[in-house]
Amino acid sequence: MTGVDEVLKAMMTDGDIVDIDSHFARLMTRMDPAGGAALAVAAAQVSAASLRGNTGTDRDELAAACGRWLGDGHAAVDVLQASAVCGDGGNVTPIVDDRGRFYLYRYWDYECRLAAALRARNVDAADAPEPGVLRPLLDRLFSSPDSTSVDWQRVAAALALRRLLTIVSGGPGTGKTTTMVKVLAMVVECLGAECRIALAAPTGKAAARMQQAVDEAGRGLEIDASVRDAIPGEASTIHRLLGMRREGGFRHHADNPLAVDVLVVDEVSMVDLALMVRLVEAVPGDARLILLGDRDQLASVEPGSVFADLCLGAGGLDQGTAAWLSEATGQRIEPRAADVLPGACISLTRSYRFGPDSGVGVLSAAVKRGDVGDSDAVLEDENHDDVSWLDEADDRGNASPLDRLLPTYRERIEAAYAEADAARVFEQYRQFQVLCAVRRGARGVDDINRRIERGLAETGLVDSDDPWYVGRPLMITANDYGLNLFNGDLGIVLPWGPKREARVCFLGQDSEPRWLHGARLPAHETAWAMTVHKSQGSEFENVMLVLPARESPILTRELIYTAVSRARRRVIVSGSRDILGAAIARRATRQSGLADRLR
């Protein structure tokens, strides 16, 4: 198979590449006709790598991918390297070969710019308080230092006052938000109430959760009312913070930076490479940037694993920083080498939500370690009544857990009709959520949502021909700045007004309901069940994770961990034991050169 058209057609038929990869490959062969099929295959694979979440692909992997279609994959890579369409980054070329890793130019450029911006920011702040100033503040806001163990929340707070870049990673319940609010109180007390502080998150849903968590944590602090009032009461999406333009691009960038002295960004694991570089470049050079997230969660949908790469140096502190932190915190902080952003990243590991006997906590930890045996054991252990297993074989042949779900959903719809307080309806809906690993196919989101609606229609509670039946939960899937609705926002169809007409209700600030006619909504979908990816940035009291009927490479321990860690109280896993075990054993791997550049 030597012809360009033939090989690209075969690659698409096999599913190895998609339409955009084929178009890109043809463009490369038009730019360099002498490259022939070898150039076409290599270029198509470089393009396809980015659609798989990689920012670049190394030579050996690229050669192996090319070798599936050509006799000698390494020869194809040699053709690509020798072609005028591939350069070393010194000039703009469609493909960049940087030390044996091949990129589309834009991702190479993003990676270089982000690494440079973060390295420049990884320094002490010019206005960092003296350790003696911080010590009484830390003693007031945090528990007394323990001589036997280090309170890393306390360390993270001190570090955020000393550095221009602070990265805090931790799972649910480890106190990231609480620590961040205490940091903001310390910022106000040390730097003054005029300090400009902003809060942001990747999605509207995550921003709303951040705002709620900040409000709750702030009310529990022993601080003056003036300090509490200086802490922002609103979090925005990153896109809104940067001022997204309808014609594309952002209003704020390196040449028009944000008017902030401190920026805190939550759920950073969801932020992709392209958005991250735009965000970091828009932060003034003398402002503090605090990044919060969970490095073990799923990476962003778009290319990159930025937060995980940033956290590779977690806990690494040079001798000077460790000595300063020891004096400020009253704890013995040992220096430790880190070759990625030394002195910037702290990892919080102690969970204040789950005790040592919590099944959810034990299961989360086992999944995070990739321990299939321990995960199986906790699901089987009758002493852990907060985790349970619903085997496929127990599902009455329906290939979905509907028999277990329908009574819960009937109660919700009845409450939607009867309850006058919309906030209480939302609270009831947050008690339980079905999460699916995949969107399509048996036991995917689309399948589960259809089955739930069919089951509800059979009971007479909903009209299957009416998409706006009372009680229907829905999720916005596209940003609409005019309506103040964003990807990930959740709404419920409820009766409204004296005529009890069906309208979609969203909860705004202070849980105030906003009512919209369904015809006005941007793109949306039914949300009786949602994908694990869409659940990021949310928490629910109880979660059921539904595994698909077939194995898939997208089933990874990061996906299972993300699903399990959405639950505050109870987790039910439904599916095949073999599929769950294979998912926990499989790590999500993305090729990136960001960590190397940060070194």
Side-chain angles (χ1 to χ4, degrees), residues 171-174 294 296-298 349 351-408 431-438 441-445 447-448 529-533 535-536 538-588:
T174 54
D294 185 348
D296 297 304
Q297 280 191 32
L298 283 166
T349 56
S351 176
Y352 295 86
R353 179 183 303 169
F354 304 120
D357 298 327
S358 161
V360 176
V362 174
L363 179 60
S364 295
V367 172
K368 191 159 57 173
R369 293 194 307 271
D371 194 322
V372 178
D374 281 1
S375 301
D376 235 17
V378 69
L379 286 167
E380 290 286 1
D381 191 344
E382 294 182 357
N383 293 320
H384 291 304
D385 58 2
D386 56 340
V387 294
S388 56
W389 175 261
L390 178 60
D391 198 279
E392 248 181 348
D394 297 333
D395 219 7
R396 306 187 191 182
N398 291 329
S400 77
L402 289 184
D403 294 331
R404 309 290 183 98
L405 300 181
L406 287 177
T408 297
Q431 293 299 307
F432 180 77
Q433 182 63 49
V434 175
L435 303 179
C436 296
V438 298
R443 299 169 65 84
V445 163
D447 175 48
I448 296 295
M530 66 178 70
T531 62
V532 176
H533 277 89
S535 74
Q536 284 184 274
S538 296
E539 285 184 347
F540 308 97
E541 291 299 303
N542 307 283
V543 162
M544 175 184 278
L545 169 61
V546 178
L547 299 173
R550 295 181 179 177
E551 252 280 32
S552 168
I554 72 169
L555 299 177
T556 63
R557 76 179 61 163
E558 288 81 3
L559 183 140
I560 304 298
Y561 169 76
T562 301
V564 171
S565 60
R566 297 309 89 204
R568 295 179 62 88
R569 295 186 181 276
R570 185 163 189 247
V571 172
I572 304 169
V573 182
S574 171
S576 156
R577 290 277 189 184
D578 291 341
I579 289 177
L580 177 65
I584 294 172
R586 181 186 295 117
R587 291 206 72 157

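For reference, positions follow the sequence shown, starting with 1. Side chains included, hydrogens not; waters and symmetry mates left out as well; all remaining heavy atoms used.
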I584 and D371: side chain to side chain contact (heavy atoms under 4.5 Å, CB included), yes or no, with the steps?
CA-CA 7 Å; I584 294 172; D371 194 322; over 6 Å; no
Spacing of CG belonging to L547 relative to CG belonging to D578, to within rounding of 0.5 Å:
11.5 Å
With distance as the sole test, does D386 use its side chain to make a donor-acceptor pair with the main-chain N or O of G359 at under 3.5 Å?
yes
Would you please name every residue forming a side-chain hydrogen bond (donor to acceptor under 3.5 Å, both in side chains) with N383, sequence neighbours left out?
D381
Once rounded to the nearest 0.5 Å, what's the spacing between atom CG of L559 and atom CZ of R557?
12.5 Å
Residue of the set R570, R569, Q431 for which side chain to side chain donor-acceptor pair (under 3.5 Å) holds with E541
R569
Go through the structure and list residues passing side-chain hydrogen bond (donor to acceptor under 3.5 Å, both in side chains) with D374, not counting sequence neighbours.
R369
What closest approach, in Å, do A583 and I560 show between heavy atoms, and which atom pair accounts for it?
CB-CG1, 3.9 Å
I need the N542 CG to R568 CZ distance, nearest 0.5 Å.
11.0 Å
Taking it one step at a time, do S388 and L379 satisfy side chain to side chain contact (heavy atoms under 4.5 Å, CB included)?
CA-CA 5 Å; S388 56; L379 286 167; over 6 Å; no
Would you call Y561 and D294 a side-chain contact if the rule is heavy atoms closer than 4.5 Å?
yes
Is there a side chain to side chain contact (heavy atoms under 4.5 Å, CB included) between L435 and R566 once you walk through the steps?
CA-CA 9 Å; L435 303 179; R566 297 309 89 204; 3.8 Å; yes
How close do V445 and A529 get, counting heavy atoms only, and between which atoms?
CG1-O, 3.7 Å
Salt-bridge criterion met for R586 and E558 (N-O under 4.0 Å)
no
Please lay out, stage by stage, how V360 and S364 fare under the test side chain to side chain contact (heavy atoms under 4.5 Å, CB included).
CA-CA 6 Å; V360 176; S364 295; 4.2 Å; yes
Sequence-distant partners of D296, salt bridge (Lys or Arg N to Asp or Glu O under 4.0 Å), two or more places apart:
K368
State the CH2-OG distance between W389 and S375, to the nearest 0.5 angstrom.
10.5 Å
Return the minimal non-hydrogen interatomic distance between P172 and S351, and the atom names on each side.
O-OG, 3.8 Å
Could you grab the distance from atom OG1 of T562 to atom NE2 of H533, nearest 0.5 Å is fine?
8.0 Å
Could you tell me which residues satisfy salt bridge (Lys or Arg N to Asp or Glu O under 4.0 Å) with R353, sequence neighbours excluded, listed by chain and number?
E539
side-chain hydrogen bond (donor to acceptor under 3.5 Å, both in side chains) filter on T174, not counting sequence neighbours, yields none
Whether S535 side chain and S538 backbone form a donor-acceptor pair below 3.5 Å:
no
Sorted by chain and number, sequence neighbours left out, side-chain hydrogen bond (donor to acceptor under 3.5 Å, both in side chains) with Q536 holds for Q297
Rounded at 0.5 Å granularity, tell me how far CG in L555 sits from CG in L580.
9.5 Å
Should L545 and I572 count as side-chain neighbours, where that means a heavy-atom distance under 4.5 Å?
no
Hey, does the side chain of D447 reach the backbone of R443 with a donor-acceptor pair shorter than 3.5 angstrom?
yes
Between I554 and V438, is any pair of side-chain heavy atoms under 4.5 Å apart?
yes
Is E380 salt-bridged to R577, cutoff N-O under 4.0 Å?
yes
